[in-house]
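These numbers come from a predicted model, not from an experiment. Both backbone and side-chain heavy atoms feed into the values below; hydrogens, waters and symmetry mates do not.
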Amino acid sequence: MSGFVGILVSDPWLQSQFTQVELRGLQSKYSSAKDASGKVTLAALPPVMVKLKAIHDILTQDEIKDILSEESTDVDQEIDFESFLRAYLNLQARATAKGSGSKKSTTSFRSTSFLKATTTTLRHTISESEKASYVTHINNFLKDDASSYRSLNKCALRLGEGWCSFMVHTPLNIPHQYGTNPWERNENHTLCLNSAKAIGCTVVNIGTQDLVEARPHLVVGLISQIIKIQLLADINLKKTPELVELVEDRCGRAYWLSPRESSTEMDEFSSEESRDGEAYAHLLNALAPEHGTTTTLETKDPTERANLILQQADKLECQRYVTPQDIVEGSPNLNLAFVAQIFQHRNGLTTDNTKVSFAEMMTDDAETSREERCFRLWINSLGVDSYVNNLFEDVRTGWVLLEVLDKISPGSVNWKLATKPPIKMPFRKVENCNQVISLGKELNFSLVNVAGNDIVQGNKKLILAFLWQLMRFSMLQLLKNLRFHSQGKEITDADILNWANNKVKKSGRSSEMESFKDKSLSNGTFFLELLSAVEPRVVNWSLVTKGETDEDKKLNATYIISVARKLGCAIFLLPEDIMEVNQKMILTLTASIMYWSLQRKGWYAEQTSPVAPTDGDSESADVSNLSIEDAS
């Protein structure tokens, strides 16, 4: 794999304001504004700038023209790329200032601001306290590793070794190599970005080059998300069934943070109630009365009170993510980490067997849970404004599905007919979901006897079936776009199947996939041979087992996922999906490998003959014709 050369500008400060992904996108927009002589003038900027995401729907073209004229009234003045970038930053700041007056919703316990780190290029203020806390956290997790990371900008992170080592301790077990050359370093960074997506991180506008350059705001933002996911991984009804007590109590999060005998209530982790420490003092006194003291509440100085709170938390053996100053200043990320630590050590919730049994009854079967996870992470990876925490609940308003539809089929959603949450009137939710179903039918989804109210009611089978068709449509469109100039035909599941078999056959291997539900796929051999065919050096065959036992199959499946992500495939399946040959997940895996291969080499370099025609009645085309009932 060849090394990547980033876009460079002469001004270091200006360079630091953008990621490489953003620079490439803006360079493309800049080039589109060139006239017949190859120049970009001031007059050409407003029509281009008004379409950019940070400015669109906030500033009009006339407003942009007026702002640009403040710098120069000469509309024929030639604009170079750096001037274009500065103009964009200026307009972005104006758009932010104009939109800052909008009402912000109250932060919830699982607020998107906690899990969806911003990647804005306008402000890159980084808390030194956060950096120090994250370094401590990483070192605690990697204490058995040879390396110690004193700074998030050290060479180990640039090489990608630190990322991979750290990600091993996340919910995914990620095999990796130590980067000894640029190709392997790039592999490590690619593996980590795709693995971060796979555990629920929002990875938007960030590429491997940004990690190589160790851009502080992006490194801190990504690590912050990973740590939050680690800390909150067990806070769900399945792993902590006592949470059902909070479900019954309408105060929810506030009930746990603010004991019943206290009148103090925290709305968010940067609120005044968290800064003065009173809520923490009441909470710790209620959870650990044996360490309780009135001194903390009687102390008037906020910093001294915060110090006493941390001393009390130390007695519960809670890891220190915050300093007294962090509590006083209301650092939302570090305060969340601190509260999560308290919750994990002592949550004070009931262990009533009746309530615990009720919580356990709420769990889904394994396959439904895996599919829910897959679609939830896929939606979050698209970079839509909403962040999905609970798929079946969060899609019931229809808004999230409209955002996804607009993402994969731009311009298809009539936003004038849509209502943004929070939605008080139930019929508004039905209107949103009816538009979702209508758009699905326009995209030729199989939606027989399905109405918007089915989504509003939270019908899990129908929601999963709709999302599968949505994900499959997105995947096939990506493949179609790569092949547009060569054949211009619709891509089918049979094309993907034939491509995979032809690729393995041309590499001299004998494995073959009869269909996406071929039980022989469970040992992982075919996919390892396919990955080796698209990139010969990527598979270390000494790590591959024969796949004869369930344990060996799981090792192979885990390695397949790791290798695919290392190449750059964005996949969200689990090893169990390969072992059990989940038809839908096998298709997504194969298509992702195909997309990476075609994107890398181009269709003509990849294939010397057209895809062989297939019989529409063959088993290989089964997935193409999945109806709502079949998919569910």
Is the shortest heavy-atom distance from the side chain of Ile496 to the side chain of Leu476 under 4.5 Å? yes

Does the side chain of Asp234 pick up a donor-acceptor pair with the side chain of Gln344 at under 3.5 Å? no

Mind checking what makes side chain to side chain donor-acceptor pair (under 3.5 Å) contact with Glu512, not counting sequence neighbours? none

Minimum heavy-atom separation for Leu377 and Ala198, please, with both atom names. CD1-O, 2.7 Å

Would you indicate whether the side-chain heavy atoms of Ile578 and Ile561 approach each other to under 4.5 Å? yes

Sequence-distant partners of Phe445, ring pair (Phe, Tyr, Trp, His ring centres under 6.0 Å), two or more places apart: Phe466

Would you check if there is a donor-acceptor pair between the side chains of Thr492 and Asp495 at a distance under 3.5 Å? yes

CA sep, side-chain torsions, deciding dist, call: Glu372, Arg376, salt bridge (Lys or Arg N to Asp or Glu O under 4.0 Å): CA-CA 6 Å; Glu372 185 275 340; Arg376 170 167 46 84; 3.0 Å; yes

What is the minimum heavy-atom distance between Leu232 and Ala340, and which atoms define it? CD2-CB, 4.2 Å

With salt bridge (Lys or Arg N to Asp or Glu O under 4.0 Å) as the criterion, how do Glu576 and Lys554 come out once you've worked through the C-alpha distance, each side chain's angles and the decisive distance to 0.1 Å? CA-CA 7 Å; Glu576 289 78 8; Lys554 187 165 187 178; 3.4 Å; yes

Show the nearest heavy-atom pair for residues Leu589 and Ile571, with the distance to one decimal. CD1-CD1, 3.9 Å

In terms of side-chain geometry, is the basic nitrogen of Arg370 or Asp577 positioned less than 4.0 Å from the acidic oxygen of its partner? yes

Can you tell me how far OG of Ser381 sits from CG of Leu193, rounded to the nearest 0.5 angstrom? 12.5 Å

Are Leu573 and Asn582 side-chain neighbours, meaning at least one heavy-atom pair lies under 4.5 Å? no

Side-chain heavy-atom pair Asp394, Ile379 within 4.5 angstrom cut-off: no

Side chain proximity check, Tyr134 to Ser224, heavy atoms < 4.5 angstrom: yes

Using every non-hydrogen atom in the two residues, find where Cys569 and Ser592 come nearest and quote the distance to one decimal. SG-O, 3.6 Å

Of all heavy-atom pairs linking Trp468 and Thr588, the shortest is CZ3-CG2, 3.5 Å

Side-chain donor-acceptor contact under 3.5 Å, Lys546 with Asn523: no

Applying side chain to side chain contact (heavy atoms under 4.5 Å, CB included) to Val404 and Trp378, what does each step give before you reach the verdict? CA-CA 10 Å; Val404 175; Trp378 171 66; 3.9 Å; yes

Trp541 ring centre to Arg509 NZ or CZ under 6.0 Å, with the angle to the axis within 45°? yes

Heavy-atom side-chain contact between Leu467 and Leu401 under 4.5 Å: yes

Could you walk me through whether Leu231 and Ile227 pass the side chain to side chain contact (heavy atoms under 4.5 Å, CB included) test, one step at a time? CA-CA 6 Å; Leu231 292 173; Ile227 290 175; 3.9 Å; yes

Which pair of non-hydrogen atoms, one from Ile560 and one from Phe527, has the smallest distance, and what is that distance? CD1-CB, 3.8 Å

So does Glu529 pair up with Lys503, basic N to acidic O under 4.0 Å? no

